[in-house]
Amino acid sequence: MSKDLIELKKRKASDVELVEKKKKHKKDKKDKKEKKHKKEKESKKDKKEKKDKHEKKSNDEEATPKAANFSSSSTGSYSESKELKSVPQQKIDDFFKENEVTVEDSEKLDLRPLLSFNQISLESEIQEEISKFPKPTPIQAISWPYLLSGRDVVGVAETGSGKTFAFGVPAINNILTSEEGKKTKGVQVLVISPTRELASQTYDNLILLTNKVGLHCCCVYGGVPKDAQRTQLKRSQVVVATPGRLLDLIQEGSVRLSDVKYLVLDEADRMLEKGFEEDIKKIIGATKSQGRQTLMFTATWPKEVRELANSFMNNAVKVSIGNRDELSANKRITQIVEVIDSFRKDKRLLELLKKYQSGPNKNDKVLIFALYKKEAARVERNLKYNGYDVAAIHGDLSQQQRSQALNEFKAGKSNLLLATDVAARGLDIPNVKTVINLTFPLTVEDYVHRIGRTGRAGQTGTAHTLFTDQEKHLAGALVNVLNGANQPVPEELKKFGTHTKKKEHSAYGAFYKDVDTTKKPKKITFD
Ligand SMILES: Nc1ncnc2c1ncn2[C@@H]1O[C@H](COP(=O)(O)OP(=O)(O)OP(=O)(O)O)[C@@H](O)[C@H]1O
């Protein structure tokens, strides 16, 4: 049989599987509905009796009926702890309100958020590692119970809010607590990242956990030799990868993903954009389609990627912190937008560097964003000519140069870094005080990610943006972001008009529909 024929058969089999799965889901739903109806009828009968009983309960006990609800429908090993059950409902309500938490779950499990680390029982080594922080961040607090229950999750929370451990902790804990996880030797957790630097950073976070529990984690990305990666892949249960290199290694047969049961798309909206979409489909196609938990985490979740995201997920819970349906920036970042003529930008940059790195702030870390690598190279030369010791990250540099520049900036050995959008997402660089957008990015989503390199983990920061009429089509969306974070909107920016150009998806153009994120896909085809 030819290779193509085998492939076709495989796809057909997977389609049939899906149809069967859908039928079963429908039937389960129907059964559930009937059961619910019957139950409601019965419960009406003794409602009064139950009501009397309920009224006798203490306040704290009243806070827990949802927990009982959960145990019956859980798919994972999670169950709410005594400590969590005893939290008064008022505290839970306050948490939801203060953090503007939204949970969209068609199964309505209503799992309680974890207000402290002692309200959850993780493997002791993991508990110990994570307890170096004072308490879970809101996205961790909300998403862990769902992830430990085996649910697919879309997690949307501001930049620098601890999303890496939000998906990382349950990933490792789930391997350790499942019988199958302990036995399986192959790759069980796969995290896909858009850039080499982010993949490497996520790996650095995950090995803190895997090292402690005897699991192996590796990181694969392009720009470096494959040999060491091939060897590492053979012994790893947890893999962090960029799509291009991973696909390469899949296609040459160096890695098998059929045991992956926890798949994370970090910076998920980026991963579903043109350029990555096809690779992502192929990678997901190489993982198991049944019993796989799929996660998408990001700070920005544009409507036009949601339907595609949904097609890879199974009845996902969407958890969001803050008003994430509207594109919004971290409110602890002071945003300054200056409308300027293009030809004045270079001079203005020198003035801004004097402003942000002078006197007591002389050693403050400043991150400058350019749009294209050629521009970055030119600006780098210009800054060096003016006496600045600037490091750079962009696509024209070798991986070794990129890594060195980033590591030195992270470690505080240099305090000025110039980057293209390769550094816009995910990078967790301590103490960046100011982000300067020398040239505005192609999308306002990228703007939110870029400025999110400051103001991380509860800190404050400043983003200073030079905006020219070449970007005027983005003015409306930028004004919305500024308004959403209570930042001043310069009059010159308003003059461009507040019309918001509908974002186009590379595949669906401007004709995408707003979608119900809980809706199941009609059909999945992997190319
Ligand atoms: N529970 C916690 N309490 C305090 N800090 C935390 C906690 N969990 C993680 N952090 C720290 O917060 C910082 C930001 O975390 P992380 O890089 O995961 O953010 P993120 O939400 O993924 O950001 P981005 O959207 O930019 O990718 C890291 O330095 C991380 O160590």
Side-chain angles (χ1 to χ4, degrees), residues 95 99 113-120 122 126-144 147 153-172 191-209 240 264-271 295-302 319-322 324 327-333 365 367 369 406 409-412 419 421-432 435 441 445-461 463:
F95 176 90
N99 296 291
L114 308 162
L115 307 187
S116 75
F117 289 121
N118 70 8
Q119 292 170 357
I120 189 167
L122 298 165
I126 294 181
Q127 189 99 27
E128 191 188 309
E129 181 58 39
I130 197 74
S131 297
K132 68 185 182 193
F133 297 119
K135 61 177 185 182
T137 64
I139 186 70
Q140 294 164 357
I142 290 285
S143 60
W144 281 352
L147 290 170
V153 168
V154 175
V156 192
E158 70 180 16
T159 50
S161 61
K163 293 189 287 294
T164 313
F165 280 133
F167 63 72
V169 165
I172 313 302
V191 180
I192 317 272
S193 294
T195 64
R196 299 164 185 181
E197 284 77 9
L198 181 55
S200 165
Q201 178 185 296
T202 302
Y203 164 78
D204 289 342
N205 277 297
L206 296 187
I207 48 164
L208 293 176
L209 306 175
V240 187
V264 186
L265 297 195
D266 193 13
E267 307 296 342
D269 51 330
R270 176 81 188 95
M271 305 309 311
L295 289 68
M296 311 243 170
F297 276 72
T298 180
T300 51
W301 196 230
V319 299
S320 43
I321 312 296
R324 313 307 302 180
L327 178 61
S328 49
N330 173 338
K331 294 192 174 86
R332 290 181 312 281
I333 303 168
K365 276 188 199 170
L367 173 57
F369 278 104
L406 181 60
F409 191 59
K410 272 191 172 180
D421 283 298
V422 73
R425 284 180 177 254
L427 295 190
D428 187 48
I429 305 164
N431 304 318
V432 173
V435 169
E445 279 81 7
D446 287 341
Y447 168 80
V448 167
H449 287 277
R450 277 185 180 186
I451 69 169
R453 295 319 97 207
T454 183
R456 299 178 71 74
Q459 292 188 330
T460 56

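Read the numbers this way: they start at 1 and go in the same order the structure lists the ligands and their atoms. Numbering starts at 1 and runs along the sequence shown. Remember, it's a predicted structure, so these values are computed and weren't measured experimentally.
Closest approach of Thr454 and Gly461 over heavy atoms only: OG1-CA, 3.2 Å.
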Determine, step by step, whether Ile126 and Val169 satisfy the side chain to side chain contact (heavy atoms under 4.5 Å, CB included) criterion, reporting the C-alpha distance in whole Å, the side-chain angles of both residues, the deciding distance to 0.1 Å, and the verdict.
CA-CA 7 Å; Ile126 294 181; Val169 165; 3.9 Å; yes
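Checked against side-chain hydrogen bond (donor to acceptor under 3.5 Å, both in side chains), Asp269 has the following partners two or more places apart in sequence or in another chain: Thr298, Thr300, Arg425.
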What are the distances between nitrogen or oxygen atoms of ligand 1 and protein nitrogen or oxygen atoms, counting only those under 3.5 Å?
| from | atom 1 | to | atom 2 | distance (Å) |
| --- | --- | --- | --- | --- |
| ligand 1 | 1 (N) | Lys135 | O | 2.9 |
| ligand 1 | 1 (N) | Gln140 | OE1 | 3.0 |
| ligand 1 | 8 (N) | Gln140 | NE2 | 2.9 |
| ligand 1 | 15 (O) | Gly162 | N | 3.4 |
| ligand 1 | 17 (O) | Arg456 | NH2 | 3.0 |
| ligand 1 | 18 (O) | Lys163 | N | 3.3 |
| ligand 1 | 18 (O) | Thr164 | N | 3.0 |
| ligand 1 | 18 (O) | Thr164 | OG1 | 2.7 |
| ligand 1 | 19 (O) | Gly162 | N | 3.3 |
| ligand 1 | 19 (O) | Arg456 | NH2 | 3.2 |
| ligand 1 | 21 (O) | Ser161 | N | 2.9 |
| ligand 1 | 21 (O) | Gly162 | N | 3.2 |
| ligand 1 | 21 (O) | Lys163 | N | 3.1 |
| ligand 1 | 21 (O) | Lys163 | NZ | 2.8 |
| ligand 1 | 23 (O) | Gly160 | N | 2.8 |
| ligand 1 | 23 (O) | Arg456 | NH2 | 2.9 |
| ligand 1 | 25 (O) | Lys163 | NZ | 2.7 |
| ligand 1 | 26 (O) | Arg453 | NH1 | 3.0 |
| ligand 1 | 26 (O) | Arg453 | NH2 | 2.9 |
| ligand 1 | 26 (O) | Arg456 | NH1 | 2.8 |
| ligand 1 | 26 (O) | Arg456 | NH2 | 3.3 |
| ligand 1 | 27 (O) | Glu267 | OE2 | 3.2 |
| ligand 1 | 29 (O) | Asp428 | OD2 | 2.5 |

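From Leu209, atom CG reaches atom CD1 of Ile172 across 5.5 Å, with rounding to the nearest 0.5 Å. Interatomic distance, NE2 of His449 versus CZ of Arg453, reported as 8.0 Å (0.5 Å rounding).
Taking 4.5 Å as the limit, some side-chain heavy atom of Ile142 sits within range of a side-chain heavy atom of Phe95.
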